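See below for the structure under consideration.
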Amino acid sequence: MGKIILTGDRPTGRLHLGHYVGSLKRRVELQNSGEYDKIYIMIADAQALTDNWDNPEKIRQSIIEVALDYLSVGIDPDKCTILIQSQIPELTELAFYYADLVTLSRLERNPTVKSEVKMRGFNTSIPVGFLTYPISQTADITAFKANVVPAGEDQEPMIEQAREIVRKFNSTYSPVLVEPEISIPENVTCRRLPGTDGKEKMSKSLGNAIYLSDTPEEVKKKVMSMYTDPDHIQVSDPGKVEGNAVFTYLDAFVKADSFEKYLPEYENLDALKDHYKRGGLGDVKVKKFLIKILEEELAPIRERRHEFEKDIPHVYEILKKGSEEAEKVAAATLHEVKDAMRINYFDDMELIHSQAEKFSR
Ligand code: ATP
Ligand code: MG
């Protein structure tokens with residue numbers, strides 16, 4: 001069996017640093033490793049509508065933003081298939097059949113869904129589409145027979161649920177589906193990058209994000225107002241690095257040569273942290289260092305984005321081509337699924353003949 005990747009993002013806004021360290025950066029590495037037979041990258045618009053049903057315009061506008069972000073980080077449409085979820089009706093059909101294999105209580109127990117429901121203030125009026133999106137996500141993954149899903153930590157319960165559905169399907173009908181594995185970043189900080197406000201997750205929906213397409217001025221402004229240690233008031237005060245978003249970002253972004261280039265008076269991040277903890281190191285100095293490190297990463301991304309922005313119809317062409325290619329694969333899987341469930345009636349000659357015989361008796 002080949003190595004196949006499926007991964008994706010909800011088009012609810014532009015992509016941010018959390019996406020970059022949690023998933024995008026790895027996708028580009030995996031794409032360039034040449035170890036994968038197929039890589040599918042999905043813009044999950046149908047999923048985004050499950051909690052944005054009243055604002056389809058936001059989704060419509062965000063699709064191109066996400067596509068531009070993909071291209072600007074180095075995702076190569078010649079090596080990856082980029083698709084738009086809603087353009088592949090087979091995914092919806094698969095989800096409909098998988099829904100029979102999941103109980104309501106199992107969905108309600110999914111910890112990611114639980115925290116997202118809370119965050120969105122749905123309380124008891126949870127849209128059915130939202131509660132069941134793990135089922136639809138299982139359809140997306142299995143339609144392409146993906147065995148590897150590179151994602152952030154919040155996706156672990158989703159993949160676990162997908163694996164359960166696959167096992168149930170395979171044992172109930174016949175073994176046609178592939179159990180996926182999640183591939184999360186090695187760097188623990190990158191698995192769930194906090195927001196600039198120090199909240200546990202940087203998220204498009206929380207307004208605490210630094211976007212890949214932010215201008216240098218915006219990045220500077222956001223970093224300068226980032227959450228640090230509220231008790232570190234004077235430069236001379238000892239400071240805390242745990243829960244201090246600036247240090248968390250340094251954990252995620254510092255490179256081997258960052259100190260030599262921008263802050264040579266410290267040997268490494270541990271030395272900088274020690275000084276901060278002892279007291280005598282101000283937030284501004286650390287923030288300025290972080291800005292330089294982020295800019296080093298973001299400047300080439302921004303530049304590539306500007307290039308792709310010059311030919312937007314071409315970007316839509318890429319999405320159309322990718323969606324068409326993906327639909328063929330999803331249709332083949334759907335056919336196998338229906339065969340396994342024995343609901344492909346019209347090309348089932350054995351069924352037709354045996355029924356004919358039964359009624360002729
Ligand atoms: P929304 O608020 O609309 O849910 P989001 O910012 O959570 O948006 P998604 O599109 O849900 O982004 O997530 C896409 C991918 O990016 C997933 O693999 C997710 O795990 C990863 N990801 C999102 N935010 C972070 C983060 N802060 N740190 C690490 N990975 C992240
Ligand atoms: Mg999310």
Side-chain angles (χ1 to χ4, degrees), residues 5-28 30 39-56 58-59 61-63 65-67 69-70 73 75 82 84-85 110-122 127 129-130 133-134 136-137 140-141 146 148-162 180-214 222 226-227 245 248-249 251-253:
I5 289 180
L6 177 114
T7 163
D9 306 273
R10 296 152 38 93
T12 48
R14 294 174 291 149
L15 299 184
H16 53 63
L17 290 179
H19 298 113
Y20 184 65
V21 294
S23 180
L24 293 175
K25 210 169 155 182
R26 306 211 41 250
R27 290 182 206 173
V28 178
L30 297 174
I39 302 180
Y40 296 94
I41 301 183
M42 186 180 78
I43 302 182
D45 62 336
Q47 185 187 117
L49 283 165
T50 64
D51 57 329
N52 292 277
W53 68 90
D54 53 350
N55 197 358
K58 172 167 126 189
I59 309 305
Q61 297 294 334
S62 300
I63 285 179
E65 297 282 1
V66 171
D69 285 327
Y70 286 170
V73 298
I75 288 174
I82 308 177
I84 303 183
Q85 186 185 24
N110 185 312
T112 298
V113 174
K114 253 185 173 162
S115 75
E116 288 178 341
V117 160
K118 207 164 143 206
M119 196 176 105
R120 285 161 177 76
F122 286 150
F130 189 80
Y133 92 72
S136 133
Q137 205 163 307
D140 306 332
I141 297 167
V148 184
V149 181
E153 194 178 47
D154 62 317
Q155 292 302 306
E156 262 171 342
M158 298 296 157
I159 306 304
E160 192 41 48
Q161 187 141 29
E181 305 259 357
I182 190 167
S183 160
I184 55 175
E186 261 166 47
N187 181 332
V188 179
T189 315
C190 297
R191 294 177 184 172
R192 187 185 297 251
L193 194 74
T196 50
D197 54 0
K199 289 232 174 73
E200 71 167 298
K201 184 177 174 290
M202 180 180 283
S203 166
K204 301 183 212 102
S205 310
L206 292 177
N208 60 6
I210 295 178
Y211 295 98
L212 298 176
S213 49
D214 275 347
K222 286 181 183 176
M226 251 171 94
Y227 181 87
T248 311
Y249 284 25
D251 279 328
F253 288 96

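Computed from a predicted model, the values in this text were never measured in an experiment. Counting starts at 1 for both ligands and their atoms, following the listed order.
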Heavy atoms only: which of Pro194, Gly152, Gly18 lies closest to atom 25 (C) of ligand 1?
Gly18
Can you tell whether the side chains of Lys204 and Asp9 come within less than 4.0 Å, N to carboxylate O?
no
In chain order, what residues pass the side-chain hydrogen bond (donor to acceptor under 3.5 Å, both in side chains) check against Asn187, with sequence neighbours excluded?
Thr189
Just go through Arg10, Arg26, Glu116, Gln155 and tell me whose heavy atom is the nearest to atom 4 (O) of ligand 1.
Arg10
Qualifying residues under salt bridge (charged side-chain N to carboxylate O under 4.0 Å, His left out), relative to Glu156, sequence neighbours excluded:
none
Audit row: Asp69, His19, side chain to side chain contact (heavy atoms under 4.5 Å, CB included) steps and yes/no:
CA-CA 10 Å; Asp69 285 327; His19 298 113; over 6 Å; no
Can you figure out which of Asp154, Ile184, Asp9, Val21 has its heavy atom closest to atom 15 (C) of ligand 1?
Asp9
Below 4.0 Å, non-hydrogen atoms only: which portion of Arg192 touches ligand 1? Side chain, backbone, both or neither.
backbone
Judged by non-hydrogen atoms, does His16 sit under 4.0 Å from ligand 1?
yes
I'd like to know whether Lys222 forms a side chain to side chain contact (heavy atoms under 4.5 Å, CB included) with Tyr211, so could you lay out the CA-CA distance, the side-chain angles of the two residues, the decisive distance to 0.1 Å, and finally the verdict.
CA-CA 10 Å; Lys222 286 181 183 176; Tyr211 295 98; 3.6 Å; yes
When you look for heavy atoms under 4.0 Å from ligand 1, do you find them on the side chain of Thr12, its backbone, both, or neither?
side chain
Using a 4.0 Å heavy-atom cut-off, which part of Leu193 comes near ligand 1: side chain, backbone, both, or neither?
both
Heavy atom under 4.0 Å from ligand 1: found in Ala209's side chain, backbone, both, or neither?
neither
Record the part of Arg191 in heavy-atom contact with ligand 1 below 4.0 Å; permitted values are side chain, backbone, both and neither.
backbone
For Gly22, atoms of ligand 1 separated by under 4.0 Å from a heavy atom
29 (C), 30 (N)
Do Gln155 and Val149 have side-chain heavy atoms sitting under 4.5 Å apart?
no
Does at least one non-hydrogen atom of Arg27 fall below 4.0 angstrom from an atom of ligand 1?
no
So Trp53 and Phe122, would you call those rings parallel, tilted or perpendicular, with 30° and 60° as cut-offs?
tilted
Indicate whether any N or O donor in one side chain lies under 3.5 Å from an N or O acceptor in the other, for Lys199 and Asn208.
no
Could you check whether any heavy atom of Gly8 sits closer than 4.0 Å to an atom of ligand 1, since that is the contact criterion I want to use?
yes
Below a 4.0 angstrom heavy-atom separation, can you tell me which part of Arg120, side chain or backbone, both or neither, approaches ligand 1?
side chain
